Amino acid sequence: MTDYITTYTGIRMVPTEPKPEDIRIEDIAHSLSLITRGNGHVKTFFSVGQHCIHCAKEAAARGASDRVVLACLLHDGAEAYLSDVPSPFKKYLKEYNAFEDQILDVIFEKYLGSKLSDEEYHLMKTIDHDMLYYDLLYLLNEPSEREAPKMKTNFSYEVRPFKEVEEEYLVLFQRYS
């Protein structure tokens with residue numbers, strides 16, 4: 001049994017020991033374009049990559065710095081190496097969360113130059129949480145008890161070919177890097 005995963009670009013990456021040289025934006029964009037939101041329990045296919053694109057565009061529309069826009073694009077990047085785990089279950093997985101944070105730290109340090117400040121992190125999480133409101137509503141018919149967040153962008157839950165999502169992810173990455 002191996003301790004590594006083989007990524008789309010052929011890297012043998014040990015998810016429990018992430019190294020910057022093992023992280024590639026092409027692997028993140030490709031993987032996230034194929035991983036569905038909600039562990040597949042959605043009305044239609046909608047990828048984690050699409051969610052990240054929506055978050056990045058919303059951050060840009062809210063006037064966030066390029067660094068925060070890029071952080072929003074990358075915020076689920078660890079899922080490219082660990083897969084997505086539904087939040088209600090994830091909260092019980094302390095080791096998983098530690099590995100996810102470790103990989104995300106490596107991703108942020110590699111592509112942003114450092115971890116996020118508390119203010120940047122809060123803004124990124126606010127945008128992610130606001131987008132989750134609409135993800136749950138449109139993908140699961142799951143209304144929230146909180147008031148609908150005001151969004152600056154128009155976004156769609158149309159089914160898109162994964163290659164198209166992957167390419168847009170990479171274009172946004174280049175634009176904000």
Side-chain angles (χ1 to χ4, degrees), residues 5 7 13 15-16 18 23 25 27-59 61-62 64 68-109 111-112 115-153 155-160 162 165-166 168-169 172-173:
I5 62 168
T7 69
M13 195 263 200
T16 56
I23 304 292
I25 195 62
D27 288 327
I28 294 170
H30 181 78
S31 180
L32 296 186
S33 74
L34 290 166
I35 297 172
T36 187
R37 290 283 283 164
N39 205 29
H41 297 283
V42 289
K43 290 189 291 189
T44 187
F45 184 82
F46 184 78
S47 71
V48 174
Q50 287 171 275
H51 165 78
C52 292
I53 288 168
H54 283 180
C55 289
K57 288 180 173 181
E58 181 65 23
R62 290 183 187 188
V68 171
V69 173
L70 193 55
C72 285
L73 185 68
L74 296 168
H75 81 277
D76 284 333
E79 294 177 14
Y81 304 99
L82 299 177
S83 198
D84 189 14
V85 175
S87 296
F89 181 54
K90 186 191 279 189
K91 66 184 174 186
Y92 297 106
L93 304 176
K94 288 183 179 20
E95 285 185 66
Y96 175 91
N97 289 315
F99 289 129
E100 184 178 53
D101 289 345
Q102 184 180 13
I103 292 172
L104 197 55
D105 285 348
V106 172
I107 290 169
F108 283 167
E109 287 175 14
Y111 295 119
L112 301 175
K115 294 179 191 176
L116 298 176
S117 70
D118 289 342
E119 183 180 323
E120 290 169 326
Y121 182 82
H122 177 72
L123 180 54
M124 178 193 72
K125 290 307 277 184
T126 297
I127 292 167
D128 183 34
H129 189 66
D130 288 352
M131 197 57 67
L132 177 64
Y133 175 94
Y134 292 100
D135 289 357
L136 291 172
L137 183 62
Y138 288 105
L139 297 171
L140 293 168
N141 291 326
E142 186 80 30
S144 175
E145 293 178 8
R146 72 181 183 124
E147 188 175 321
K150 301 228 183 295
M151 306 302 274
K152 301 267 187 189
T153 55
F155 44 90
S156 168
Y157 289 95
E158 71 179 289
V159 176
R160 295 176 60 198
F162 82 91
V165 172
E166 180 180 345
E168 183 176 7
Y169 192 101
L172 286 171
F173 176 79

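Heads up: numbering here begins at 1 and tracks the sequence. Bear in mind the structure is a predicted one, so any value in this text is a computation, not a measurement.
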Distance, nearest 0.5 Å, that separates [atom1] of [X] from [atom2] of [Y]:
X: Met131; Y: Leu136; atom1: CE; atom2: CG; value: 12.0 Å
X: Glu166; Y: Ser31; atom1: CD; atom2: OG; value: 9.5 Å
X: Lys150; Y: Asp130; atom1: NZ; atom2: CG; value: 11.5 Å
X: Leu132; Y: Asp128; atom1: CG; atom2: CG; value: 6.5 Å
X: Ile127; Y: Lys152; atom1: CD1; atom2: NZ; value: 11.0 Å
X: Leu74; Y: Leu112; atom1: CG; atom2: CG; value: 6.0 Å

Answer whether the closest heavy-atom distance between the side chains of [X] and [Y] falls below 4.5 Å.
X: Thr44; Y: Glu158; result: no
X: Pro15; Y: Phe99; result: no
X: Leu116; Y: His122; result: no
X: His75; Y: Val48; result: no

- request: Would you mind listing every salt bridge (charged side-chain N to carboxylate O under 4.0 Å, His left out) that reaches into residues 29-44, with sequence neighbours excluded?
  value: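 Matches after skipping sequence neighbours: Arg37-Asp135.
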task: Return each pair, listed once, that meets salt bridge (charged side-chain N to carboxylate O under 4.0 Å, His left out) where at least one residue sits in residues 49-59; pairs must be two or more places apart or across chains.
output: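 Salt bridge (charged side-chain N to carboxylate O under 4.0 Å, His left out) check on residues 49-59 returns Lys57-Glu168, Glu58-Arg62.
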- request: Using modelled atom types only, decide if a donor and an acceptor are shared between the side chain of Tyr111 and the backbone of Ile25 within a distance under 3.5 Å.
  value: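 Confirmed, Tyr111 side chain pairs with Ile25 backbone.
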field: Under 3.5 Å donor-acceptor, Ser144 side chain and Arg146 backbone
entry: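 Flag set: sc Ser144 to bb Arg146 pair under 3.5 Å.
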If the condition is side chain to side chain donor-acceptor pair (under 3.5 Å), which residues does [X] pass it with, not counting sequence neighbours?
X: Ser47; answer: Gln50
X: Ser117; answer: Glu120
X: His54; answer: none

What heavy-atom pair brings [X] and [Y] nearest, and what distance separates the two atoms?
X: Ala29; Y: Tyr169; answer: CB-CD2, 3.5 Å
X: Val165; Y: Gly49; answer: CG1-C, 3.9 Å
X: Ile103; Y: Ile23; answer: CG2-CD1, 4.4 Å
X: Leu32; Y: Cys52; answer: CD1-SG, 4.2 Å

query: For the residue pair Tyr138 and Tyr134, does the interplanar ring angle fall in the parallel (under 30°), tilted (30 to 60°) or perpendicular (over 60°) class?
result: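 If you compare the ring of Tyr138 with that of Tyr134, the planes turn out parallel.
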Derivation and outcome, side chain to side chain contact (heavy atoms under 4.5 Å, CB included), residues Phe162 and His30: CA-CA 8 Å; Phe162 82 91; His30 181 78; 3.6 Å; yes
Donor-acceptor pairs under 3.5 Å, side chain of residues 78-92 to any protein atom, not counting sequence neighbours: which ones?
residue	atom	partner	partner atom	Å
Tyr81	OH	Arg24	N	3.4
Lys90	NZ	Glu100	OE1	3.3
Lys90	NZ	Glu100	OE2	3.0

field: Within 6.0 Å of OH in Tyr121, more than 12 heavy atoms from elsewhere
entry: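 No, not enclosed.
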